[in-house]
Amino acid sequence: MTVNVSISLRWILIGSVLTTFILLAFASMYRTKWRYLRFQNIYEYRPYSTIQTRAMERMNWYLELTDFEDFFSLVNISTSVVSTRKTEYRVGDEIKVDIVLYNGRGERSTVGGDMLRVWLRERSLGASVSGYVIDHNNGSYTGIIKTLWAGNPELMFSIGNTKEHIGIYMNIVQKYGLISFLRAGFKRNNMTESTLCSVVPNIPGVKEYCDFTTQNFNMSFFCGKPKSMTCEDWSVYERTSNHSCNKKHESLFLQYRYFKKSVSVLKVLSNIGSVRDPQVPCRDVSSTVTWYTNNPTGYFYKRQWKSLICKSSLEWKYNTYLKCLKNRPVLMTGDSTTRNWFTPLSRLLRLHIMIGEHEIKDKAWQKFAQAENKYKGLSLYWTPHEIPFFSHEQNKNNFRSVASRIDELPGNKSAIVILHWFGHLTRTTHQQYRDHIRSAKKALHRLLRRSPNSSIFIKGPHSFTYRIFLEPFDYISRVYQQILYEEFRDLQDKVYYIDQWDATVGNENVGIHPVYPYFNQMMLNFVLSFIC
């Protein structure tokens with residue numbers, strides 16, 4: 001009897017211990033999950049986050065802005081008031097910039113929504129760093145910039161996009177699909193004909209359409225039906241100068257954007273120990289970290305990019321890259337900005353760039369290309385993304401989906417994939433942009449199943465203010481960053497996000513192709529330092 005009671009008590013105690021252990025484990029898991037969710041929620045509301053995840057919340061508000069009175073009704077950089085709270089700082093301090101916007105008539109703005117930039121530059125030191133701007137939704141803003149070097153930097157301010165620019169542009173692309181139409185060329189025997197194209201069947205003057213969505217890998221694409229031929233006679237494709245906006249709005253887009261000015265010269269004193277270069281090697285940083293960085297992600301000093309995320313120890317040398325990339329096929333996708341990464345890497349590895357059987361020696365190409373040395377195990381590939389792609393006349397078959405190129409990468413290989421969608425796709429809708437991302441993402445899942453050790457990078461949007469473009473890049477970049485964040489949320493532990501906005505705002509990039517000395521080489525070297 002006593003023995004049975006003793007055994008029962010023992011089992012009760014064991015059961016109590018196990019129950020307690022299980023409850024504690026679940027509690028720990030719950031706390032961990034709660035902290036993770038809480039961290040994500042906090043992240044999504046931080047104005048200093050590299051990736052802004054609330055840009056689309058104001059979409060409907062912007063869509064209510066369908067016109068503007070005149071240029072004097074827009075916020076004006078000359079009449080607006082920009083000031084700092086002091087003029088002397090130490091390295092590591094935050095500069096707070098007070099901004100109050102006024103229009104061309106000197107009337108104070110009472111609403112937010114305008115896209116602003118602040119940054120520091122000191123040309124004699126080859127130094128620059130971008131800041132971020134908080135919108136108080138009443139016409140006033142606060143710019144925040146971190147001081148990262150001692151000297152006399154110049155505080156710079158610009159109006160990237162007015163709210164009217166954003167609203168009118170978004171309305172146009174929502175209605176017509178593209179801000180600049182494309183053209184399809186049809187050929188049969190000696191006959192030729194061309195029609196305008198867009199991603200939605202709503203082109204002024206066009207009543208009958210050819211639906212080329214299937215041929216564009218299930219991403220919508222429509223062209224006017226030719227009069228003397230059939231849709232099956234489609235053979236070539238090219239950009240046009242036909243805009244879907246009227247002359248008044250086109251004038252706004254082209255003439256009233258990216259005004260910048262120098263606010264003041266500041267004094268920054270040294271403060272040893274306040275800002276140190278990161279000591280963690282980039283190869284020890286998880287991809288998840290790259291999605292949750294803060295502004296600034298880095299800065300230029302003595303014309304060198306200095307990351308604040310991690311320490312890059314990768315040298316731009318032949319033997320170093322040969323060792324890193326041997327037997328690792330590299331696929332770069334996107335536009336000319338990734339092509340400008342592909343080209344110097346091919347040269348460093350002493351490879352010839354080929355399109356089919358022809359070597360390419362100039363830069364004016366927009367076709368799938370490869371550079372290989374199979375004896376040394378080197379394979380590099382570059383491909384443009386799908387239509388819409390604004391190029392000179394091309395055979396329609398030159399454009400393949402990014403997904404189809406990813407699917408061609410071999411299994412059981414540690415492939416390297418660098419993805420980019422921005423410049424050409426800023427001319428279309430955010431829905432179309434999301435379709436491109438989702439198509440490629442499905443292929444990435446397939447790649448990771450057959451080659452789980454592959455490394456995947458996304459090159460984020462960069463700033464540019466090319467004069468012939470109509471797009472409000474500052475706002476579009478935020479929307480597209482949000483879409484990338486949302487679509488890759490379940491793959492952030494396998495996909496790296498490479499911010500390009502901070503670097504290109506700080507060095508005042510103007511054209512679609514960054515021209516800062518050795519910029520492409522520095523950025524690519526930084527990217528590959530995560531895996532080499």
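- Taking the ring axis of W341 as reference, the NZ or CZ atom of K459 stays within 45° of it and closer than 6.0 Å to the ring centre.
- Under 3.5 Å, the side chains of Y497 and Y292 contain no donor-acceptor pair of N or O atoms.
- Residues C532 and T320 fail the side-chain proximity criterion, which asks for heavy atoms closer than 4.5 Å.
- Between the side chains of Q432 and S220, at least one donor N or O sits under 3.5 Å from an acceptor N or O.
- In K442, the NZ atom is not crowded: 12 or fewer heavy atoms of neighbouring residues, nucleotides or ligands sit closer than 6.0 Å.
- Annotation: disulfide (SG to SG under 2.5 Å) contacts involving residues 113-162, sequence neighbours excluded, are absent.
- The pair K163-D135 does not count as a salt bridge, with every side-chain nitrogen at least 4.0 angstrom from each carboxylate oxygen.
- Judged by distance alone, the side chains of Y132 and D502 never bring a donor and an acceptor atom under 3.5 Å apart.
- Counted by atom type alone, D499 and T50 present zero donor-acceptor pairs between their side chains at under 3.5 Å.
- The number of heavy-atom neighbours closer than 6.0 Å to NZ of K248, taken from other residues, nucleotides and ligands shown, is above 12.
- Between Q482 and I51, the closest side-chain pair of non-hydrogen atoms is not below 4.5 Å.
- Under the 4.5 Å side-chain criterion, counting only non-hydrogen atoms from C-beta, R427 is not in contact with P388.
- Checked against side chain to side chain contact (heavy atoms under 4.5 Å, CB included), V479 has the following partners two or more places apart in sequence or in another chain: A55, M56, M59, H430, Y475, I483.
- Smallest separation of non-hydrogen atoms from N103 and T79: O-OG1, 2.8 Å.
- At a threshold of 4.5 Å between non-hydrogen side-chain atoms, the residues L419 and K441 do not count as touching.
- Screening residues 63-111 for ring pair (Phe, Tyr, Trp, His ring centres under 6.0 Å) gives F68-F71 as the qualifying pairs, with residues at least two apart or on separate chains.
- Evaluation of the side chain to side chain contact (heavy atoms under 4.5 Å, CB included) rule for Q431 yields Q174, T429 as partners, not counting sequence neighbours.
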Please list every donor-acceptor pair under 3.5 Å in which a side-chain atom of residues 279-286 meets a protein atom from a residue at least two apart or in another chain.
from, atom 1, to, atom 2, distance (Å)
Q279, NE2, D277, O, 2.9
R283, NH1, S313, OG, 3.2

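- When all heavy atoms of L182 and T240 are compared, the closest pair comes out as C-CG2, 3.7 Å.
- Listed by chain and number, the residues in a salt bridge (Lys or Arg N to Asp or Glu O under 4.0 Å) with D93 amount to none (sequence neighbours excluded).
- A salt bridge does not link R123 with E154: none of the charged nitrogens is closer than 4.0 Å to a carboxylate oxygen.
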